[in-house]
Amino acid sequence: MGSLCSSCFGSSSEESNLMPSPETRRKQQLEAAERRRLENETRGIKDPERVKRQQQRSEDMQRREEEAARAGGQPALRWQQD
């Protein structure tokens with residue numbers, strides 16, 4: 001009655017096989033964090049490529065305005081669509 005079967009409870013070698021090494025676990029956590037970041041960036045956006053094009057167009061417009069301001073003359077009026 002006093003003896004217990006160690007195979008019933010598992011051995012320490014089996015426990016080590018269930019847990020990945022700290023390095024592997026860290027890598028998995030980094031990958032999961034990157035996936036969450038990408039998902040959050042595109043959340044609610046139907047066409048991410050369109051958003052990228054709009055951002056690029058806006059940056060180009062700002063750059064041109066800055067170049068025109070440096071070249072002299074008065075800055076042009078800026079129209080923004082909401």
Side-chain angles (χ1 to χ4, degrees):
M1 177 130 185
S3 67
L4 293 174
C5 177
S6 66
S7 66
C8 297
F9 296 106
S11 64
S12 62
S13 65
E14 288 178 12
E15 289 176 14
S16 66
N17 289 339
L18 295 176
M19 291 296 291
S21 69
E23 199 170 303
T24 303
R25 181 116 170 105
R26 199 171 302 120
K27 182 179 177 184
Q28 290 172 342
Q29 288 174 335
L30 285 172
E31 290 171 354
E34 182 65 19
R35 278 194 307 271
R36 285 192 305 272
R37 185 186 66 80
L38 290 173
E39 288 172 0
N40 285 336
E41 282 182 0
T42 58
R43 180 169 287 150
I45 299 174
K46 291 182 182 179
D47 187 4
E49 291 300 318
R50 180 178 177 209
V51 172
K52 288 180 184 178
R53 287 191 305 269
Q54 287 176 338
Q55 288 174 342
Q56 182 65 36
R57 197 176 310 136
S58 175
E59 290 171 3
D60 289 343
M61 178 87 71
Q62 288 176 352
R63 184 178 43 80
R64 281 190 231 127
E65 288 176 357
E66 290 172 1
E67 288 175 359
R70 274 189 246 128
Q74 295 183 355
L77 293 177
R78 195 169 159 192
W79 178 73
Q80 291 183 341
Q81 181 180 6
D82 290 326

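For reference, positions follow the sequence shown, starting with 1. Quick note: numbers below take in every heavy atom, side chains included, and nothing from hydrogens, waters or symmetry partners.
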Who passes salt bridge (Lys or Arg N to Asp or Glu O under 4.0 Å) against [X], sequence neighbours left out?
| X | answer |
| --- | --- |
| Arg35 | none |
| Glu67 | Arg63 |
| Glu31 | none |
| Arg37 | Glu34, Glu41 |

Could you pull out all donor-acceptor pairs under 3.5 Å where a side-chain atom in residues 48-58 meets a protein atom, sequence neighbours excluded?
residue: Gln56; atom: NE2; partner: Asp60; partner atom: OD1; Å: 3.2

Requested in this report: Applying side chain to side chain contact (heavy atoms under 4.5 Å, CB included), name anything that partners Gln28, two or more places apart in sequence or on another chain.
Outcome: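 Gln28 satisfies side chain to side chain contact (heavy atoms under 4.5 Å, CB included) with Pro20, Thr24 only.
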